[in-house]
Each structure stands twice: as C-alpha cells, then as structure tokens.
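Attaching a single structure in structure tokens format; questions to follow.
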Amino acid sequence: MVPIVKISNLDKYFGRLHVLKDISLEVMPREVVCLIGRSGSGKSTLLRCINFLEVPSHGTIEVDGVKVEGGEKGKINRDLVHEVRLRTGMVFQEFNLFPHMSVLENVIEGPVQVKGMDRDKAIALAEKNLNHVDMLWKKDEYPMRLSGGQKQRVAIARALTMEPKVMLFDEPTSALDPELIGEVLNVMKKLALDGMTMLVVTHEMGFAKDVADRVLVMGDGEIIEDAKPSDLFTNPKDPRTKALIERYRSGEQ
Amino acid sequence: MNLFAKNEPNAPKSQADLIFEANQRKELQFKANVALSWMVLILILIFLFSGQNILGIKTIQLDTTFIKDNLVFIAGGLGQTIKISLLSIVLATILALLAALGRLSTFPPIYALSTFYVSLIRGTPLYLQIFFFFLALPQLGIILPGLWAGVIALGLNYGAYMSEIFRAGLSSVGKGQREAAIALGMTPGQTMKRVILPQALRFAIPPTGNEFIAMTKDSALVSVTGFVHELMWRSTKVGRAQFHNLEALIMAAMFYWAMTLLLSYLQSRIEARLSKGDR
C-alpha cells in the first residue's frame, strides 16, 4: 500500500532554535496516529508543517501524491501548498470558529469560497456532517453561544466538509473543561471508525491507548519512539517515554 | 409547591425581586437627576446671553432682530456642511482602510507609501492642508469646485488619523482566525475579505462614528477659502457685514451643537445594536 502522508528528512528552525531534526514519517490510509510528548518537544510544529502553517526549513512533505519541498518562505510552490491544504483538514486547540458567521455559515464557508461549490450542495453536505458530530440542532446559532465542546465539534464538521483525505488535530481537547473532553473524543473515535486517516497531537493518553493504531513519542525535536499502543504502554523503551507513561498512570489513579 | 406563585398578584416578592427593583429605582433616579442638572446648566447658559443685569452679574446682550432676520440664511449652510462631512468621511474611510492594509504589506514600496502618507498628513495642521489644496491644485491644472477641494483635504486628513483605528481593528483579530482560513485553503485575499475584515470593521465602527462627529465641526475650516457656502462661511459673512459677529457665531455654534447631539444619539444606537448581536 502507498502511504497517504510521507514526510522525508524534515527540519525546522525557529530563528536559531532547531525544533524539528531530520524527521521522516509515513502514515498509511485509514491509520490513526497519535503524537505525544512533553510541551516543546515539537509535536505541534510537526503537525503544522504538514499543511504548511509552518514552512519546513528543509525536507519534503507528500500528501496523497502531492509533493512539496520545504525551504525559504518566499520560494515555496504556492499552488502545490494549496493542493496539500485541500487534502488536509485541521482542528485547532482554540477551535478558531469564525465568530461573525453562524454554525452553518462556518461549515459551508470552505466549500463555497475555496472549492466554488454550489451553495445548496454545500448546505446539504454541511448538514450531513453537522449531524454526524451531533450539532445540526445548533446550525443557526453563533459560536459565541456554544460551549467549548460544541465549538470543537462544529470545527470538526467544518474541516470534514472540505472532504479531506487526512485530518490533523492539534491538541483538540486541551482548551476544554474536563467534563466536555469526552464528547469531542467520542466524535473523533467515530471518525476513526469511519476510516478517516488521522494525525492527533494530544495529551489524552487514554485516547491514544484506545483509538490509535500507532503512537509516536516526540522529544527534543525527534521521534524517539514509534510503536503500537499496546507495546508502548506495556513496554516503553526510551526513558523519556517511561516518564511520560508513569506520569499518566499516576494521574489516572 | 405552587410553581406559578410568581404570577399571583398577592404573592410575596422574593429577595432577588426586591433587590432588582431597588437597583432599578436607583438607576432611574440617577437619570432624572442628570436630566435636571442639564436643564439648570442650559438655563445658566441662556441667562449668560440674556442681557439682563441681575444681582450685579453682567450678561451678554444679543440683538434678537438680527438673529431672526438671518436665521434662514445661516441655516441654509447646513446642507453644505452635511454634504462635505458625509463625502469626506467616505473618502477618509477608504483611505484609512487602504493605509491600514498597506501597513500590513511586505512589499516595501506599499509599506513606505502608507507610512509616508500618515506621517506627512499627521505632521502638518489641517488648516494649512485645506489652504494647500485650494492653492496647489489649480497650479497642477486641476480646477475643482470648492466643495471637492475641501472634501479631498478633509478626507486625506481624517484618513491618516483613522488608519490607526483600522490598524487596531485588524490587529484585534486573533492569529488563529487567519490560520483557520488558511487551513481551509483560502487565499490571502479571501482570508482578508471573508474572515479578517468583517471582524475588524465591527471593531472600528464606534471610533469611526467619533471621527465623523469631529469632522462635522472641522468642516468649518473649509470656509476660510471662501468658496464653500456652508454654516461657518454664512455666519461670518452676515456677521461681518452687519457688525454682529457674536450673534452670528453663536447661531452657528447652536447648529453645530444640534448636529452633534443628533449624531451622538445615532452613534449610541449603533453601538448598542453592535453589542447586542452575537458578540
């Protein structure tokens, strides 16, 4: 099988800081990959490099056959980056819904503006996806009037309505009150069961353990471990992974 | 327990109801007292111009026949004043928006043009700028009706100041909004038009209202050129001709004040509506 995401020899510098060091990674279609690691380990930056919210300093990103070379900001092939963005959907920690648009308007904005989709067709698609995240009943509300968990579910529907090949989640539950985390994780679980390819940066070890096919542990700008959750949680190799898992276990009790 | 107790006329009021009503009474009383104080201040103002000599306080004597005879002539300038102000605020808004966007540009000439414009206009007096446009444009072979030269001068001036408002509006929109739009595949132009600007403009509307109110009064400066027969020009003209400058100026002042009161009222209505919505 051909990988749907392929990252080769990726480097990223913030000024003099070397935040991603020669990272190579392949993700297969339908695979759910969780990225864990301490804050500052580079996991969010790696995710944001995939759709060029951060421009990789070196290396290549390939999504669904579209290959883009990293390099200097002004010299990136914009058309290819656009193609990559059409194939990836992103969900942010802070939701980033558009506050001046209703829930439905938020969700159809991408298809109508970017793909030039017929409005009625976009609405039908949006309503289907809102229903899937159980937010159709709030379609005429404005984001201001939603809870954090509801906002994040709308954000997921917004990304899905662009019909991406890969979904990128950047700490999707980190800004939520504890009692609202479950509803978002359940929607993500549902997506995984639907067969969506997902890359999830998260601190939710329980989700990684139950839903992920693979867990990548990042530390100091490198992937220090890449394993099935069953192996990783019972038999961590790197001491940094062991520390992470121990901290999770002690928090759980 | 009777769930509908509240609707019964003789039901005892709850603690919360009592506190709420007391607060409302307080608020009403405050408003009534403010209105009363305004009345007193207005009466004092009228007394100052009454020409009466009570308790040894000297007051100003105005010629009421002059005021009656010239009221219509001076009021005839209202239309021009409103026209200048409206046209200028439209021009200023467009320029301010362009200048604010120019400040975001990474293309050096555009960035430079925007900062140069704001610096030059803010660095010189408006009075001087108005003269400059009347004197300079004909030398370039451009002969505009007086009104339009005034509008260009006022619009350019206010545009420079208002560009700061729009810049603040643009930077009030969080970075995440841009990222969300980009991640959906929007171009920089679409991101600006669909996501950033609508939010920035909502932020900029109340301060723009303030600028508009200020501008209706600065439009008086256009009268110095003698080509636009707005409120100020008319009042100085009749005042000078009949040696009743003070009466004429006071009449103009009343018109400006009335316009400002009306505009302030409209502005507060708009602000209330903006804050009520989904924000």
Side-chain angles (χ1 to χ4, degrees), chain A residues 44 47-48 50-55 73-74 78-79 81-103 105-116 140-146 151 154-155 158-164 167-170 175, chain B residues 93 97 100-112 165-209 270-279:
Chain A
S44 270
L47 193 80
R48 290 161 58 86
I50 295 174
N51 65 352
F52 282 74
L53 281 186
E54 304 289 353
V55 177
K73 236 181 189 172
R78 285 188 194 191
D79 296 335
V81 168
H82 184 72
E83 287 301 314
V84 165
R85 286 179 180 156
L86 288 179
R87 287 162 167 75
T88 50
M90 190 165 212
V91 175
F92 299 87
Q93 182 178 344
E94 298 292 340
F95 331 123
N96 299 342
L97 291 180
F98 305 133
H100 56 300
M101 299 180 193
S102 72
V103 163
E105 285 165 347
N106 261 282
V107 180
I108 64 170
E109 182 70 8
V112 171
Q113 297 297 326
V114 177
K115 289 183 167 177
D140 295 320
E141 277 300 357
Y142 280 82
M144 182 68 184
R145 316 239 339 215
L146 303 179
K151 280 183 198 166
V154 172
R158 178 173 69 175
L160 285 177
T161 307
M162 286 298 284
E163 301 181 298
M167 286 283 284
L168 310 172
F169 294 85
D170 189 3
Chain B
T93 305
L97 196 54
L101 290 173
R103 277 295 276 273
L104 296 177
S105 174
T106 49
F107 184 55
I110 297 285
Y111 183 89
I165 295 174
F166 284 89
R167 200 155 73 93
L170 288 171
S171 58
S172 76
V173 182
K175 192 176 113 227
Q177 291 290 309
R178 218 187 108 256
E179 288 188 347
I182 289 176
L184 283 174
M186 288 193 187
T187 62
Q190 284 174 323
T191 303
M192 186 50 76
K193 195 177 130 218
R194 303 283 311 173
V195 176
I196 311 289
L197 270 185
Q199 296 182 60
L201 289 182
R202 173 175 267 177
F203 175 97
I205 284 173
T208 301
I270 291 171
E271 263 176 67
R273 181 169 291 185
L274 277 181
S275 66
K276 220 192 293 171
D278 39 324
R279 213 152 229 226

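Note on naming: letters A, B, ... go to the chains in the order of the sequence lines (proteins, then strands), and numbering restarts at 1 for each one. Computation of the quantities below employed the complete heavy-atom set of this structure, encompassing side-chain atoms and omitting hydrogens, waters and symmetry-equivalent molecules.
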Top contributor to chain B interface from A:Val81, A:Leu97, A:Leu86 [non-hydrogen pairs under 4.5 Å]: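 Most heavy-atom pairs within the cutoff with chain B belong to A:Leu97.
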
Backbone N or O of A:Ser44 within a donor-acceptor pair of the A:Asp170 side chain at under 3.5 Å?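 No.
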
So, do B:Phe203 and B:Ile165 sit near enough that their side-chain heavy atoms are less than 4.5 Å apart?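 B:Phe203 does not reach B:Ile165 side chain to side chain.
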
Does A:Glu83 offer a backbone N or O that forms a donor-acceptor pair with the side chain of A:Arg87 under 3.5 Å? yes

Check: A:Val154 and A:Pro143 side chains under 4.5 Å, non-hydrogen atoms: no

Any side-chain hydrogen bond (donor to acceptor under 3.5 Å, both in side chains) involving residues 88-97 of chain A? Give me the pairs, sequence neighbours left out, ordered by first then second residue.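 Not a single pair qualifies under side-chain hydrogen bond (donor to acceptor under 3.5 Å, both in side chains).
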
Taking the side chain from A:Arg158 and the backbone from B:Leu184, do they hold a donor-acceptor pair closer than 3.5 Å? no

Which atoms of A:Phe98 are under 4.5 Å from chain B, going by heavy atoms: the side chain, the backbone, both sets, or neither?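 Both backbone and side chain.
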
Side-chain donor-acceptor pair present, A:Ser102, A:Asp140, cut-off under 3.5 Å: no

Selection from A:Arg48, A:Lys115, A:Glu141 maximising heavy-atom pairs under 4.5 Å formed with chain B: A:Arg48

Could you check if a side-chain atom of B:Met192 sits within less than 4.5 angstrom of a side-chain atom of B:Leu104, using non-hydrogen atoms only?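 Of all side-chain heavy-atom pairs linking B:Leu104 with B:Met192, at least one is under 4.5 Å.
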
Quick check: under 4.5 Å, non-hydrogen atoms only, which of residues 173-180 of chain B neighbour chain A?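 From residues 173-180 of chain B, the residues near chain A are B:Gly176, B:Gln177, B:Glu179, B:Ala180.
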
If you tally heavy-atom pairs under 4.5 Å against chain B, which of A:Glu109, A:Met162, A:Arg78 wins?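 Sorted descending by pairs with chain B, the first entry is A:Glu109.
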
